[in-house]
Amino acid sequence: MKNQEDKFKKVISHAKEYGYVFQSSEIYDGLSAVYDYAQNGVELKNNIREYWWKAMVQMNENIVGLDSAIFMHPTTWKASGHVDAFNDPLIDNKDSKKRYRADVLIEDYAEKLNLKAKKEIAKAVKRFGDAFNENEFITTNPRVLKYLSKRDEVLKRMGESLENEDLVEVKNLIEELEIACPVSGSKNWTDVKQFNLMFGTKLGASADSAMDLYLRPETAQGIFVNFANVQKTGRMKIPFGIAQTGKAFRNEIVARQFIFRMREFEQMEMQFFVRPGEELKWYEHWKEKRLNWHLSLGLGKENYRFHDHDKLAHYANAAADIEFDFPFGFKELEGIHSRTDFDLKAHEEHSGKKLQFFDHEMNKSYVPYVIETSIGLDRMFLSVFSTALQNEVLEDGSERIVLKLPAVLAPTKAAVLPLVKKDGLPEIARTIINDLKFDFNVSYDEKDAIGRRYRRQDAVGTPFCITVDHETKNDDTVTIRHRDTMQQERVKISDLKSIILKEVSLSNWLHKI
Ligand code: ATP
């Protein structure tokens with residue numbers, strides 16, 4: 001746990017020190033759970049977005065893009081259920097004045113029971129060695145049984161109370177379990193209240209004609225309300241998808257995990273419209289496709305797992321998360337949801353407009369079913385960045401900090417370094433940059449000894465360093481150093497572009513999906 005916290009702190013400070021992520025309005029002491037992407041962060045973020053966009057829109061003939069506005073007609077959010085149901089149950093501790101999500105307090109309690117059971121299992125594995133039968137142990141050991149059944153009972157009671165909107169019962173549960181405030185240790189709680197996560201604002205100049213609006217809490221609804229427009233003008237046939245990336249806003253109650261949970265964040269969503277009855281087939285298809293997209297980046301298969309939802313949202317008939325092993329454990333990175341015809345039907349009812357598709361093969365009209373893939377761009381950024389950040393001990397015992405970003409996503413692909421600041425070497429370096437910059441981001445660095453410059457580029461994640469030395473003047477060759485292996489080779493200046501492109505070109509990476 002301590003290790004995890006340390007790692008996470010390192011991730012946050014590295015992100016700041018190397019120009020990836022800054023706290024918003026830092027000079028005014030920041031704004032809680034709002035962040036800015038700095039000179040390198042914006043490049044990494046753009047590259048992730050582009051990799052997602054191309055994998056969706058360019059690689060699939062039947063998926064098209066959209067960029068709908070953040071402001072939408074307020075009825076949209078009535079129809080989607082967000083006005084009535086986009087709530088989190090909150091509770092305040094009267095002593096520490098800290099605010100919590102009541103469901104998270106209870107889930108954390110349940111997780112502790114889970115960990116206790118795991119500890120018992122780990123002890124037994126040690127004791128019984130090869131003869132250990134985990135299944136038998138879990139189903140017969142009285143302690144494990146006690147912990148797990150208590151965990152299930154707690155989660156079930158919470159689930160039912162939330163479902164019935166019985167907030168008194170949620171508070172009773174917290175009191176019965178004697179859950180204490182993690183900050184103060186106090187059990188002095190307020191009542192549980194529902195808290196709507198949407199940010200409100202107003203459109204219009206005069207007070208009486210102003211219209212109440214919301215900042216969108218998800219990008220998906222912009223796709224649903226444009227379904228008929230895109231289908232008709234794009235002459236799209238079922239099955240087809242609409243992809244969109246853009247900002248979303250949620251007034252999160254607890255937002256303490258850096259860019260994992262922000263109040264302003266960016267989503268990359270794709271809604272795939274299918275024939276009713278075929279949705280579960282497509283749901284499986286997209287689960288597999290999306291996992292492959294993640295795996296193509298090479299961050300390690302062991303870092304991903306599916307979590308199938310037992311409790312489904314009111315609009316879904318199947319849902320799973322792709323969870324990633326963040327520095328604070330496995331957490332949701334992307335959601336894949338079978339949303340039925342809930343959204344389109346709701347918009348039909350509220351708008352009075354038909355949102356249907358005439359299927360020539362079936363010779364009938366229907367409201368399509370929807371499979372949604374929804375990923376947070378900032379969470380994706382964190383997954384890539386935190387896994388890439390490594391502390392390596394080298395053969396000679398020294399350490400280096402290296403950001404092993406997938407080359408396709410790295411902000412700068414190559415740094416060109418004249419060995420010394422004289423003898424015409426800087427000029428040659430500039431000529432190389434002026435040639436390469438048409439294809440990718442290249443930087444120049446002439447300060448400090450070459451070893452320190454290499455370390456600086458390692459820490460910022462640049463996959464290649466190109467060193468110009470005196471030999472270059474004689475034979476037009478340079479040294480190219482690979483970030484991950486630290487291997488160096490002597491190559492012709494004229495070959496640089498193709499050597500680098502082989503590693504960084506988006507098309508080569510798309511082939512891996
Ligand atoms: P969580 O349970 O973590 O609050 P969610 O289930 O509410 O997430 P969805 O509504 O399914 O999330 O949103 C889709 C994706 O958007 C999530 O998988 C996540 O990557 C991203 N996302 C949601 N909320 C936030 C946030 N506050 N900050 C950053 N990314 C977010």
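Starting from 1, each residue takes its place in the sequence as its number. First listed ligand is number 1; within each ligand, the first listed atom is number 1. Here the structure is a predicted model, which is why all the values come from computation and not from measurement.
The list of ring pair (Phe, Tyr, Trp, His ring centres under 6.0 Å) pairs with a residue in residues 169-203, not counting sequence neighbours, reads Tyr100-Trp189.
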Would you tabulate the polar-atom pairs, meaning N/O of ligand 1 against N/O of the protein, with distances under 3.5 Å, reported to 0.1 Å?
unit_1	atom_1	unit_2	atom_2	d
ligand 1	3 (O)	Arg261	NH2	3.1
ligand 1	3 (O)	Arg379	NH1	3.1
ligand 1	3 (O)	Arg379	NH2	3.1
ligand 1	4 (O)	Arg261	NH1	2.7
ligand 1	6 (O)	Glu332	OE1	3.2
ligand 1	7 (O)	Arg250	NH1	3.1
ligand 1	10 (O)	Arg250	NH1	3.2
ligand 1	10 (O)	Arg250	NH2	3.0
ligand 1	13 (O)	Gln267	NE2	3.4
ligand 1	16 (O)	Gln267	NE2	3.3
ligand 1	18 (O)	Glu332	OE2	2.7
ligand 1	18 (O)	Leu333	O	3.4
ligand 1	20 (O)	Leu333	O	2.9
ligand 1	20 (O)	Gly376	N	2.9
ligand 1	24 (N)	Arg250	NH1	3.4
ligand 1	27 (N)	Glu252	OE2	2.8
ligand 1	27 (N)	Met262	N	3.4
ligand 1	27 (N)	Met262	O	2.8
ligand 1	28 (N)	Phe260	O	3.4
ligand 1	28 (N)	Met262	N	2.9

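The residue from Phe326, Phe385, Phe328, Phe260 that alone fulfils the ring pair (Phe, Tyr, Trp, His ring centres under 6.0 Å) condition with Phe8 is Phe328.
Partners of Asn317 according to the side-chain contact (heavy atoms from CB on, under 4.5 Å) rule, which considers only residues two or more places apart in sequence or in another chain, are Glu279, Leu280, Ser338, Thr340. By the side-chain contact (heavy atoms from CB on, under 4.5 Å) test, Lys202 is found to be paired with Ala210, Asp212, residues two or more places apart in sequence or in another chain being considered.
Remark: the Thr76 side chain and the Gln221 side chain contain no N/O donor-acceptor pair separated by less than 3.5 Å.
Panel note: side chain Glu266, backbone Leu377; no donor-acceptor pair is recorded below 3.5 Å.
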